[in-house]
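Read the structure below first, then the notes.
Computed from heavy atoms alone, side chains included, the values below leave out hydrogens, waters and symmetry copies. FYI, the numbering just counts along the sequence from 1.
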Amino acid sequence: MLRIGLFLLTNLAVMLVAGVVLSLLGVGSYRTAGGLDLQNLLIFCAVFGFVGSFISLFLSKWMAKKTMGVQLIEQPRNADEKWLVDTVVELSEKAGIKTPEIGVFAAQESNAFATGWNRNDALVAVSLGLLQRFERDEVKAVLAHEIGHVANGDMITLSLIQGVVNTFVMFFARIIGDLVDRVLLKNEDGRGIAFMVTTFIAEIVLGILASMIVAAFSRYREYRADEAGATLADRGAMIRALQRLQAETSAGVESPLPSSMRAFGISGGMSNLFASHPPLEARIQALRNAA
């Protein structure tokens, strides 16, 4: 229920902010008696595409804390928490970024994630399961992987890519809807039900195809973050951490995290083209080849 509420809240914020921006830009309707006003349509789609993407980015840290029940370590209460904080501070200094907020979430699956709207205002969180089952040098490599995501600016870059993808999916879906309404069904004013139905179907189809672009970048950033884990911490420990997770994955342990937050898990999909993470064996081999 909490996730549904946050989803609805985010979409309400998108509608409100996008409406204000369009009003300030003086953008009118993109559907006219003479057809689509392509300039207004492109602006309309860009506003909604980027506003949605960036609101999600700005709320990402807050939403992660709420949905995953992250407990921030503001003052270490024991030796393990002190080690965790000291390790993140050390890795952040090596990476040249401000130390992120550090937290732990109650999940028995081995996982971790980093999120936040910029490299100097981020959150790094690890699961209790990972802390309990991984060796300390492996945990350090996992943390270095997450710090790598932050230092590489992956969150903002992914949001920009998602904004562009959203824009063109909406743009071309409405052009297709207009063509079907006017050309095939001969509805001269282009305001028939066919426009709405066709646009809806086209957005689904184009959205699925466009998701391959986002997934491809996501896979690329995982390889870069793995290399950051090897560089900032230890290559051998990074490989062992992936191997340990590979063993857990083979045993059927599933992650509760959304795919966008998973440090190592393989997201589901019809094929590797839609996977947000490369296969673990490919990541292990890439680290070995770069040694």
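Across every non-hydrogen atom of Asp226 and Met238, the tightest pair is O-CG, 3.7 Å. Shown here for Ser60 and Gly116, the closest heavy-atom pair between the two residues is OG-N, 3.4 Å. When every heavy atom of Phe134 is checked against every heavy atom of Glu248, the shortest pair comes out as CE1-OE2, 4.1 Å. Across Ser110 and Arg133, no two heavy atoms sit closer than the pair OG-NH2, 3.1 Å. A pairwise comparison of heavy atoms in Ser127 and Ala107 identifies CB-O, 3.6 Å as the closest pair. Contact record, Lys98 with Asn120: N-OD1, 2.9 Å, taken as the closest heavy-atom pair.
Distance check: Thr231 OG1 to Lys94 NZ gives 10.0 Å after rounding to the nearest 0.5 Å. Distance CG/Leu84 to CD1/Ile73: 4.5 Å, rounded to 0.5 Å. Leu242 contributes atom CG, which lies 11.5 Å from atom CZ of Arg244 (distance to the nearest 0.5 angstrom). Atom CG of Leu72 and atom CG of Leu123 lie 6.5 Å apart (nearest 0.5 Å). The OG1 atom of Thr115 lies 11.0 Å from the CG atom of Asp154; values are rounded to the nearest 0.5 Å. If you take CD1 on Ile43 and CG on Leu38, they are separated by 11.0 Å, rounding to the nearest 0.5 Å.
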Check the pair Arg174, Glu203 against side chain to side chain contact (heavy atoms under 4.5 Å, CB included), reporting the backbone distance first and the verdict last.
-> CA-CA 8 Å; Arg174 280 156 180 75; Glu203 281 191 344; 2.5 Å; yes

Go through Phe105 and Gln71 one step at a time and tell me if the side chain to side chain contact (heavy atoms under 4.5 Å, CB included) criterion holds.
-> CA-CA 6 Å; Phe105 57 98; Gln71 299 295 314; over 6 Å; no

Apply the test side chain to side chain contact (heavy atoms under 4.5 Å, CB included) to residues Met155 and Trp117: give CA-CA distance (whole Å), side-chain angles for both, the deciding distance (0.1 Å), then the verdict.
-> CA-CA 7 Å; Met155 286 81 79; Trp117 75 276; over 6 Å; no

Take Glu227 and Leu287 through the test side chain to side chain contact (heavy atoms under 4.5 Å, CB included) and record every step on the way to the result.
-> CA-CA 7 Å; Glu227 187 57 37; Leu287 285 170; 4.0 Å; yes

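Around the CD atom of Gln132, the shell of radius 6.0 Å holds more than 12 heavy atoms that belong to other residues, nucleotides or ligands. Remark: Gln243 CD is packed, more than 12 non-hydrogen atoms of other residues, nucleotides or ligands lying under 6.0 Å away.
Checking side-chain atoms of Thr99 against main-chain N and O of Val89 turns up no donor-acceptor pair under 3.5 Å. Using a distance-only test at 3.5 Å, with no hydrogens or angles considered, no donor-acceptor pair links the side chain of Asp181 to the main chain of Gly177. Counting only distance, with no hydrogens or angles, the side chain of Ser56 and the backbone of Gly52 share a donor-acceptor pair below 3.5 Å. The backbone N or O of Gly49 lies less than 3.5 Å from a partner atom in the side chain of Asn166, making a donor-acceptor pair.
For the pair Arg240 and Glu135, the salt-bridge criterion is not met [side-chain N within less than 4.0 Å of a carboxylate O]. Salt-bridge check for Asp80 with Arg136: passed, with a basic side-chain N closer than 4.0 Å to an acidic carboxylate O.
Linking Ile, Leu, Val, Met, Phe, Trp and Tyr whenever their side-chain heavy atoms come within less than 4.5 Å leaves Val142 and Tyr223 in two separate clusters. Under a hydrophobic clustering in which Ile, Leu, Val, Met, Phe, Trp and Tyr are joined whenever their side-chain heavy atoms come within less than 4.5 Å, directly or via other members, Phe168 and Phe217 fall into the same cluster.
When side chains are defined from C-beta on, Leu41 counts as touching Phe171, because their heavy atoms get closer than 4.5 Å. Residues Val164 and Ser53 have side chains not in contact (no heavy-atom distance under 4.5 Å, counting atoms from C-beta outward). Side-chain contact between Glu222 and His149 is present, with heavy atoms from C-beta onward closer than 4.5 Å. Using a 4.5 Å heavy-atom cutoff, the side chains of Ile156 and Asn118 are not in contact. Side-chain atoms of Trp83 and Asn78, non-hydrogen and from C-beta on, never get closer than 4.5 Å to each other. Contact check for Ile239 versus Ile284: side-chain heavy atoms found under the 4.5 Å cut-off. Taking 4.5 Å as the limit, some side-chain heavy atom of Ile208 sits within range of a side-chain heavy atom of Phe274. The closest side-chain heavy-atom distance from Arg221 to Asn152 is not below 4.5 Å.
Among the candidates Val214, Leu209, Leu206, the single residue satisfying the side chain to side chain contact (heavy atoms under 4.5 Å, CB included) test with Val165 is Val214.
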